[in-house]
Trainee: 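Here's a structure for you.
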Amino acid sequence: MAEIPEKLNKPYEPALTEGRIYKLWEDSGFFNPDNLPTRHKEPFTIIMPPPNANGRLHAGHALTIALEDILTRYQRMQGKRALWVPGADHAGFETQVVYEKKLEKEGRSRFKMDRKELYDEIMAFTLESKKHMEADVKALGASCDWSREKFTLDPNVVSEVQETFRKLYRDNLVYRGYRTVNWCTKHQTSLSDVETETVEKNDKLYYIKYGPFVVATVRPETIFGDVAIAVNPTDERYKSFIGQTVSVQHPEGALPLLVIGDAEVDPLFGTGALKITPSHDHNDFRMSETHKLPRVEVIDQFGKLNEKAGKYAGMKIAEARTKVVEDLQALGLIEKIEDYAHAVPTCYKCNTTIEPRVMPQWFVKMAPLAKLAADSVREGKIKFIPDNFEKIFLYWMDNTIDWNISRQIVWGIQIPALICKSCNLGALDTEHKEGTPCPTCGAPLAIETDTFDTWFSSGQWPLLALGYPEKSDLSFYPTDVMETGRDLIFKWIPRMVIFGLYLTGKVPFRTVYLHGMVNDKHGKKMSKSKGNVVSPIDLTDKFGADALRMGLVIGSTPGNDLSLVEDKIKGYKHFCNKMWNASRFVLSNIGDTTLDTPRPKLSPRDEEILKELGAAIKSVTLHMDNFRFHLAGEELYHYFWHTFADIIIEEMKTRIQGEDEDSKRSTEWLLLNILSTTTKMLHPFTPFITEEIWSTLPKTTSSLLIIEPWPKQL
RNA sequence: GGGCAAUUAGCUCAGCUGGUUAGAGCGUUACAUUGACAUUGUAAAGGUCGGAGGUUCGAGUCCCCCAUUGCCCACCA
C-alpha cells in the first residue's frame with residue numbers, strides 16, 4: 001500500500017488549504033492572461049461588477065464571484081486568454097450616506113464640514129474599507145487579475161469620465177436644464193428616478209372650494225404656489241371657464257388664477273378640476289411649460305415653507321398642511337376630506353418623501369442614446385440569460401426620460417463645467433475660466449461643484465476597467481459576459497450598453513447573465529433591520545469557500561431568486577470531504593502508476609466505465625458552454641459521489657486485492673485517471689480543494705490545475 | 001394601472017430543444033458498517049407536477065384562461 005501524502009490528512013480542513021492555495025495562484029501569475037502559456041490565444045473577458053468599497057461583501061456578491069469565477073476558470077482551462085478584471089466602486093451617494101451615518105454617531109454633520117475635508121475623510125474611509133472588500137473577494141477564490149484592478153476614482157478614470165461629459169456636451173447630448181427634480185430634503189441632493197422608491201401611503205384627499213371650482217388635492221399647503229386651475233377641455237361642466245381668470249380665496253388672501261384646458265386632466269378623478277403648482281409637482285411643471293405659466297416656489301430645500309406662504313413661513317410641510325387645513329375649514333372652504341391611498345416616491349436610502357423641486361441641473365438626452373442601445377439588442381448583438389430580460393430591457397429603452405446626472409454631494413467625480421448662478425447657463429470648463437463674465441448675462445461664471453450620478457461613471461465601466469482610451473487592453477473589448485444581479489437590469493446594464501456604443505460603436509458585452517437575489521432561508525430579502533443577513537465570509541469560515549460556492553450555484557437558476565440554506569452548504573462540505581477521502585483511497589491503491597503511465601489493456605467493463613465518463617464529460621461541457629452551471633455542478637456531484645465513489649471504487653476494491661496483474665494495472669490506471677478527470681471538471685466549482693488534490697497526484701512534471709486543459713474523452 | 005417570475009415529495013429546489021415507471025439535497029424509517037469517509041453504504045416511505053381547457057401518437061415541459069404568492073415599473077392630483 002502506497003503512502004498517503006501528509007497533506008491529505010483527514011478530514012478535509014478548508015482553513016489549512018485555502019489561504020495557501022490562493023497565494024500559490026497569485027504567485028503563479030496565471031490570473032493575468034499575459035502570463036498564460038502561449039497555447040492560450042483567444043481572449044475571454046469578464047469585468048467584475050465593482051463591489052462598493054464601503055463595506056464587506058454580502059451574499060449576493062458571493063454569488064457573483066462564484067459564477068464569474070466558474071466562467072473564468074472554465075474558459076481558462078478551455079485554453080482562452082481569460083481575463084477577469086476586478087474593481088472597487090466609490091459608490092457616490094451610497095457611500096456618502098454610509099459615511100454620514102458614521103458622522104451622525106460621532107455627533108458631527110457633513111453640512112458643517114468643508115468640502116475638501118469631507119471628501120478626504122470619505123476617501124480615507126473608503127480606501128480602508130476597500131481592503132476588507134478585496135480580502136473577501138480573495139477568500140471566495142476569485143481568479144481575477146489584481147494587477148489590473150481599477151477603482152472608480154482612479155485619476156485616469158476621473159479624467160476620462162469628465163472627458164465623456166465634454167464629448168456629450170459637444171454632441172449636444174447633455175444640457176443644463178431647469179425643471180423639477182427628485183429632491184431629498186434630508187440628504188440635500190437630487191436623485192434619479194432609479195434612486196427613488198415608491199411606497200404606498202395613506203393620506204387625505206382634500207376637496208377645497210376654489211373660486212367657482214372645487215379642487216381635490218393631497219397637498220393643500222402648496223396652495224400659495226398655485227398659478228392656475230386646469231380642467232379637461234372636453235369637460236362640459238368647466239369648458240366655458242377656460243381662458244378666464246378667476247379669483248380664489250385662501251387663508252393669506254386671494255389669488256387670481258388662470259383657468260387652462262389640458263387633455264391630461266382626468267375629468268373622472270376628484271372633481272375634474274386640478275390646482276396647478278408648477279414648482280412642486282412634475283406634472284404641473286410640464287403644464288406650466290405648455291401653457292407658459294409663471295412658477296412660484298413656496299417650499300425651500302429643507303422642506304419648509306418660505307415667505308410666500310405668509311404666516312406659515314418656516315413651518316415644515318406636515319405642520320403647515322395641518323394648519324392650512326384648519327384655517328381653510330375655519331373659512332368654510334373645505335368641502336370634504338376623503339381617505340386616500342396612493343404611491344409616493346421616497347428617497348431609497350432614508351424613506352423621506354421626495355419633494356419635487358425646480359432646479360438647474362445637468363441632463364443627458366436619452367432618446368437618441370437609448371435608440372442605439374435598443375437597436376443593438378434588437379439586432380441580436382447582445383444576448384440575455386434568461387432571455388425574458390431582453391423584453392424588459394427594450395421596454396425600458398423605448399420609454400426613457402432625460403437623465404439627471406447632477407448630485408449635490410461631494411463624494412464623486414466633479415462635473416467639469418462652469419455655471420452662471422444668475423441665469424443658470426452651463427458651459428464646459430474648457431470654454432471659459434472661472435470668473436469670466438457669463439456670455440448671456442454678464443455675471444461671473446462659477447465652478448460647478450455638483451458631482452456625477454455614480455451610474456454615469458459606472459456606466460462606462462467595461463471600457464474604463466480596460467484602461468480606455470489606452471489601446472493596450474482594448475483587444476479584450478467587447479467583453480464576453482456581463483454577469484450581475486437582476487436588479488441592475490435598469491440601473492446599470494442599459495447605461496453600459498449606451499456608453500459602450502456611444503464611445504466605441506461596439507456593444508460592451510455579448511452576453512448578459514443575470515442572477516436572482518440571494519434571500520434568507522425563508523425566501524425573505526436579507527436586510528439589516530430584519531436581522532436576517534447571512535455573511536458569506538462566516539459561511540466560508542464554517543464550511544469552506546468551495547462548499548459555499550457549490551451551495552450558491554447548484555439548485556439555482558438564472559434570473560430566479562434563491563434561498564441561502566445553511567444545511568445545503570453543509571451538504572457540500574460533506575461532498576468536499578468525499579472528494580478528499582476518495583483521493584486518499586486512490587492514492588494509496590495505485591502502486592507506482594502516474595498520470596504519465598500509458599493506457600494499459602482494458603477489459604470490456606473498463607471500456608464501459610470510460611464510456612460513461614466520456615458521456616459525463618460531454619454533458620458537463622455542454623452545460624458549461626450554455627451557462628447551465630447548476631446542471632453541470634449537479635451532474636459532477638452525482639457522478640463523483642454516486643458513480644465514481646459508490647460504484648467504481650467499490651468494484652475496484654476487490655480487483656485490487658486479486659491476483660490478476662493485468663486487471664490490477666488497469667484498475668490503478670482507471671482510478672487515477674477518473675480522479676484526475678473529475679478533479680479537473682470540478683475545479684471551476686471547487687477550486688481550492690481540487691488544486692490541493694491535484695498537487696498530490698503523481699506526475700513527472702508538477703503543474704497547476706488552474707491552467708490544465710479541460711478534459712476530453714479518455 | 002402595466003409587466004415579469006414562481007406554483008413539482010414534510011422543507012429547499014432541479015427537470016436544457018415535449019419521449020420509457022417524475023429527480024436531488026436535507027429530513028423521516030429500517031438494516032449494515034470502523035470502512036478511503038468527524039461517518040458512510042444499502043433499501044424504504046413520501047408527489048392527481050396550483051386549477052380548468054386545448055395542441056399532440058405522447059405534456060411537469062407547448063398554447064389559452066383562471067387562482068395564489070413574490071418582485072419590478074407607473075407624474076391621475
Side-chain angles (χ1 to χ4, degrees), chain A residues 1 4 8 10-13 180 182 193-194 196-198 203 205-208 215-220 222 229-230 232 264-277 280-287 340 342-345 354 356 386 388-389 391-392 395-396 399 401 486-487 489-490 516-517 519 521-525 550-551 554-557 559-589 619 622-623 626-628 630-635 637-638 641-642 645-647 649-650 652-653 671:
Chain A
M1 181 156 159
I4 296 176
L8 288 183
K10 62 179 181 175
Y12 173 61
E13 289 286 358
T180 48
N182 301 309
D193 291 329
V194 292
T196 67
E197 200 174 329
T198 39
D203 276 319
L205 187 60
Y206 303 92
Y207 287 75
I208 303 174
V215 295
T217 180
V218 286
R219 304 201 61 185
T222 62
I229 294 171
N232 192 292
E264 277 187 47
V265 180
D266 179 357
L268 300 177
F269 186 90
T271 60
L274 174 60
K275 73 188 205 60
I276 300 300
T277 325
H280 300 289
D281 185 281
H282 296 294
N283 238 338
D284 295 5
F285 181 84
R286 220 184 23 237
M287 281 198 218
Y340 183 58
H342 62 153
V344 182
I354 292 294
N388 62 294
F389 280 98
K391 227 196 292 182
I392 298 172
Y395 175 81
W396 194 256
N399 294 281
I401 57 169
R486 62 134 222 265
D487 53 330
I489 180 72
F490 303 125
M517 303 291 101
N519 295 322
K521 62 179 169 185
H522 303 294
K524 299 282 178 228
K525 192 174 171 178
M550 289 285 266
I554 297 176
S556 74
T557 43
N560 288 322
D561 293 355
L562 66 111
S563 299
L564 190 56
V565 183
E566 201 174 296
D567 275 349
K568 189 170 160 192
I569 315 291
K570 193 165 110 190
Y572 289 111
K573 184 189 159 93
H574 289 161
F575 175 65
C576 289
N577 202 46
K578 191 76 181 177
M579 288 162 71
W580 196 248
N581 281 298
S583 306
R584 282 159 45 85
F585 176 83
V586 169
L587 285 170
S588 54
N589 285 287
S619 167
L622 196 64
H623 286 318
N626 288 287
F627 299 91
R628 297 190 292 255
H630 59 297
L631 295 181
E634 194 170 9
E635 185 159 350
Y637 174 97
H638 281 104
W641 198 318
H642 301 300
D646 288 349
I647 298 172
I649 287 184
E650 289 306 318
M652 299 297 171
K653 277 180 183 170
L671 285 175

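All values derive from a computational prediction rather than experimental measurement. Here is how names work: the chains are called A, B, and so on, in the same order as the sequence lines, proteins then strands, and each is numbered from 1.
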Trainee: Determine: side-chain N/O of A:His282 to OP1/OP2 of B:C76, distance under 4.0 Å, yes or no.
Mentor: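 For A:His282, the contact criterion (side-chain N or O under 4.0 Å from OP1 or OP2 of B:C76) is not met.
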Trainee: Would you say the side chain of A:Glu650 and the base of B:A36 hold a donor-acceptor pair, judged only by whether the two atoms sit under 3.5 Å apart?
Mentor: yes
Trainee: Measuring only the C1' atom in each nucleotide, how far is B:C76 from B:G18? A whole number of Å is fine.
Mentor: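 It works out to 47 Å between them.
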Trainee: So, do A:His574 and A:Tyr572 have ring centers that fall under 6.0 Å from each other?
Mentor: no
Trainee: Please determine, for the side chain of A:Glu13, which listed nucleotide (B:A38, B:A14, B:C16) has the closest atom?
Mentor: B:A38
Trainee: So if I take every side-chain heavy atom of A:Pro11 and compare against B:A38, B:G41, B:A36, which nucleotide ends up nearest?
Mentor: B:A38
Trainee: Between A:Thr180 and B:C75, does any side-chain N or O lie under 4.0 Å from OP1 or OP2?
Mentor: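 Answer no for this pair, as no side-chain N or O of A:Thr180 is under 4.0 Å from OP1 or OP2.
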Trainee: From the set B:U42, B:A77, B:A36, return the single nucleotide nearest to any side-chain atom of A:Asp646.
Mentor: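 Nucleotide nearest to A:Asp646's side chain: B:U42.
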Trainee: Counting only side-chain heavy atoms from C-beta out, which of B:C26, B:U42, B:A5 sits nearest to A:Asn388?
Mentor: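 Side chain of A:Asn388 sits closest to B:A5.
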Trainee: Are A:Asn232 and A:Asp266 close enough that a side-chain donor and a side-chain acceptor fall under 3.5 Å?
Mentor: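 Result is no, nothing qualifies.
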Trainee: Determine the Euclidean distance between corresponding C1' atoms of B:U34 and B:C16; express it in Å to zero decimal places.
Mentor: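 Comparing C1' positions in B:C16 and B:U34 gives a spacing of 42 Å.
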Trainee: What integer number of Å spans the C1' atoms of B:C62 and B:U28?
Mentor: 37 Å
Trainee: If the C1' atom of B:A9 is compared with that of B:G3, how far apart are they to the nearest Å?
Mentor: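 Straight-line distance between the two C1' atoms is 33 Å.
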Trainee: In sequence, state the C-alpha distance, the side-chain angles, and the governing distance for A:Thr222 and A:Lys275, and then conclude on side chain to side chain donor-acceptor pair (under 3.5 Å).
Mentor: CA-CA 10 Å; A:Thr222 62; A:Lys275 73 188 205 60; 2.7 Å; yes
Trainee: Could you tell me whether A:Asp266 contacts a base, only the sugar-phosphate backbone, or nothing, with contacts defined as non-hydrogen atoms closer than 4.0 Å?
Mentor: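 Base, at least one base heavy atom under 4.0 Å.
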Trainee: What nucleotide among B:A77, B:A5, B:U40 has an atom nearest to a side-chain atom of A:Phe269?
Mentor: B:A77
Trainee: Counting any heavy atom closer than 4.0 Å, what does A:His638 reach on the DNA or RNA strands: base, sugar-phosphate only, or nothing?
Mentor: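 Sugar-phosphate contact only - A:His638 comes under 4.0 Å of backbone atoms but never of a base.
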